[in-house]
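Heads up, the thing below is written out as structure tokens.
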Amino acid sequence: MEIRHNWTQEEILEIYNKPFMELLYEAATVHRKHHDPNTVQVSTLLSIKTGGCPEDCGYCPQAARYHTDVEGNDLMSVQQVKAQALRAKSSGSSRVCMGAAWRNVKDGPEFDNVLEMVRTINKLDMEVCCTLGMVTENQAKRLEEAGLYAYNHNLDTSEEYYKEVISTRGYEDRLETLSNVRKTNVTVCSGGIIGMGESKEDRAGMLVALARLNPQPESVPINALVPVEGTPMEEQQKVPIWDMVRMVATTRIVMPETQVRLSAGRTDMSKEGQSMCFFAGANSIFAGDKLLTTPNPDVSEDMQLFKELGLNVQKPFEKHSQRETIEAEDSVHQSLGEKPRWSRPGHKIEKNLEAQAKRKA
């Protein structure tokens, strides 16, 4: 099957709206052509710096401007991260994804520590992923030298609906960050969230933006919004499982070689619902009791489900080879002390402002 980069919103909507059984069958057929249907990649998501983010993402409890129960923590130490990575490895994860609540990467001691974390995890023969906000080309190359396997930077939604979710950065910054990562050999992980009040057209629009990237992302997380009290989206209705299955199936058809990651929202899905997602082409999950700050099924529950379904855990570096770790003193790309001017669109989002006002009150 040829990989297409010229999908239109209308074509993707037509797939999304197919009769359910027909959609499921088509997606499962595509999945079997490109992947082992009985193998699922397991990652552990680790929040290395929690809370205090200056952005106003309407879905996020880590935004400093909203009143949530998230406790902010400073950057973890390299040893703390290593201990968590070893724990993840022993429980079956092949990848550790480190998330920091930053708007963008800033050159300096904290980023140097993150680079050391990357080196440490790579030496454990685990895939290592980071999600740190916007990055420049030089910062992406420094991460590559440290041994980074993947960089996550979600588009979140369509370019049109993005303006209803976030006002502190522009959609083009997301795309520029992905472009900077593509100038290295680091793989790209980028997806989005459904259930934020977006239309089916917006869901299709997000997939258009991802599918038109050349090459397409190696990993696409599909998240269901987890409404958190204190955020602008606290009263959103939880997305039906049928919508999640449709989104997974459509993603699989449009991006056949991508690993489709069943991400946030799994605690609200039955075993049967998750099984349909796997059948429809999801072949990657996050394990562990938390996804940054939101609940997630316990890893023992996941392993029991895998056993019931006859699923195997994907071994590290099966899809792409392990990166070489270059020590800090041998790195070609050094800190440039960059202060890039990432955009600040400046428009107003009433829901976000109301949630912010509640915090002040």
Side-chain angles (χ1 to χ4, degrees), residues 34-35 39-49 81 84-85 88-89 92-100 102 104-105 111 114-156 174-192 210-211 213-223 251 255 257-264 282-288 291-292 313-326 333:
H34 295 270
H35 305 271
T39 299
V40 174
Q41 192 273 326
V42 179
S43 296
T44 293
L45 185 55
L46 179 61
S47 182
I48 59 173
K49 191 274 177 186
V81 168
Q84 294 281 4
K89 186 175 184 178
S93 287
S94 63
R95 179 185 298 187
V96 171
C97 185
M98 298 186 289
W102 293 338
N104 59 278
V105 172
F111 185 41
V114 172
L115 294 171
E116 197 54 43
M117 294 172 192
V118 172
R119 293 185 186 99
T120 299
I121 297 173
N122 193 42
K123 289 174 188 174
L124 297 176
D125 293 327
M126 296 185 77
E127 298 172 9
V128 54
C129 173
C130 282
T131 179
L132 311 170
M134 280 89 77
V135 291
T136 66
E137 180 181 345
N138 185 66
Q139 289 164 345
K141 286 179 176 176
R142 294 180 72 198
L143 285 163
E144 177 189 27
E145 284 187 325
L148 191 70
Y149 184 88
Y151 195 84
N152 166 264
H153 200 60
N154 289 336
L155 295 184
D156 291 340
R174 316 296 279 174
L175 295 170
E176 185 178 343
T177 288
L178 297 180
S179 175
N180 287 337
V181 174
R182 275 292 179 226
K183 293 169 185 172
T184 72
N185 288 317
V186 175
T187 63
V188 165
C189 177
S190 185
L210 291 168
L213 296 174
N214 193 1
Q216 293 174 346
E218 285 81 3
S219 172
V220 172
I222 301 297
N223 297 273
T251 304
M255 291 177 272
E257 292 186 355
T258 290
Q259 290 210 272
V260 180
R261 188 179 298 278
L262 188 60
S263 299
N283 60 343
S284 182
I285 63 166
F286 282 115
L291 292 188
L292 296 181
V313 176
Q314 182 179 303
K315 294 177 182 176
F317 312 113
E318 277 197 12
K319 296 289 186 179
H320 301 276
S321 59
Q322 185 174 11
R323 313 287 179 230
E324 179 188 358
T325 294
I326 297 174
H333 300 282

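Numbering starts at 1 and runs along the sequence shown. Note that the structure is a prediction, hence the values are computed from the model and not measured.
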So, [X] side chain and [Y] main chain: donor-acceptor pair closer than 3.5 Å or not?
X: N104; Y: G133; result: no
X: N283; Y: Q259; result: no
X: R119; Y: G147; result: no
X: K89; Y: L124; result: yes
X: Y149; Y: H320; result: yes
X: T184; Y: K141; result: no
X: Q322; Y: N122; result: yes
X: E144; Y: N185; result: yes
X: Q314; Y: V40; result: no

Can you list the steps and then say if T258 with T251 is a side chain to side chain contact (heavy atoms under 4.5 Å, CB included)? CA-CA 9 Å; T258 290; T251 304; 5.5 Å; no
Quick one: does [X]'s side chain get under 4.5 Å of [Y]'s, heavy atoms only?
X: R182; Y: P215; value: yes
X: F111; Y: L143; value: yes
X: P221; Y: N154; value: yes

Nearest 0.5 angstrom please: [X] [atom1] to [Y] [atom2], how far?
X: S190; Y: Q216; atom1: OG; atom2: CD; result: 12.0 Å
X: T325; Y: E145; atom1: OG1; atom2: CD; result: 11.0 Å
X: H34; Y: E257; atom1: NE2; atom2: CD; result: 6.0 Å
X: T131; Y: L46; atom1: OG1; atom2: CG; result: 12.5 Å
X: M126; Y: T120; atom1: CE; atom2: OG1; result: 12.5 Å
X: C130; Y: M98; atom1: SG; atom2: CE; result: 3.5 Å

If you take all heavy atoms of [X] and [Y], which pair is closest and at what distance?
X: P217; Y: L213; result: CG-CD1, 4.1 Å
X: Q139; Y: V105; result: NE2-O, 3.2 Å
X: D125; Y: P316; result: O-CG, 3.7 Å
X: A100; Y: L132; result: CB-CD2, 3.8 Å
X: A88; Y: V96; result: CB-CG2, 4.3 Å
X: A140; Y: V181; result: CB-CA, 4.2 Å

Write out all pairs satisfying salt bridge (Lys or Arg N to Asp or Glu O under 4.0 Å) with one or both partners inside residues 313-326, taking only residues at least two apart or from two chains.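 Every pair satisfying salt bridge (Lys or Arg N to Asp or Glu O under 4.0 Å) with a residue in residues 313-326: there are none.
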Full working for side chain to side chain contact (heavy atoms under 4.5 Å, CB included) between I222 and L262: CA-CA 6 Å; I222 301 297; L262 188 60; 5.9 Å; no
Looking just at side-chain N and O atoms, do R95 and S284 make a donor-acceptor pair shorter than 3.5 Å?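 No, no side-chain donor-acceptor pair sits under 3.5 Å.
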Just to verify, which of V114, L115, V118 counts as forming a side-chain contact (heavy atoms from CB on, under 4.5 Å) with L148?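 Looking at V114, L115, V118, the match for L148 under the side-chain contact (heavy atoms from CB on, under 4.5 Å) is V118.
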Trace of the side chain to side chain contact (heavy atoms under 4.5 Å, CB included) decision for R174 with D156: CA-CA 9 Å; R174 316 296 279 174; D156 291 340; 3.9 Å; yes
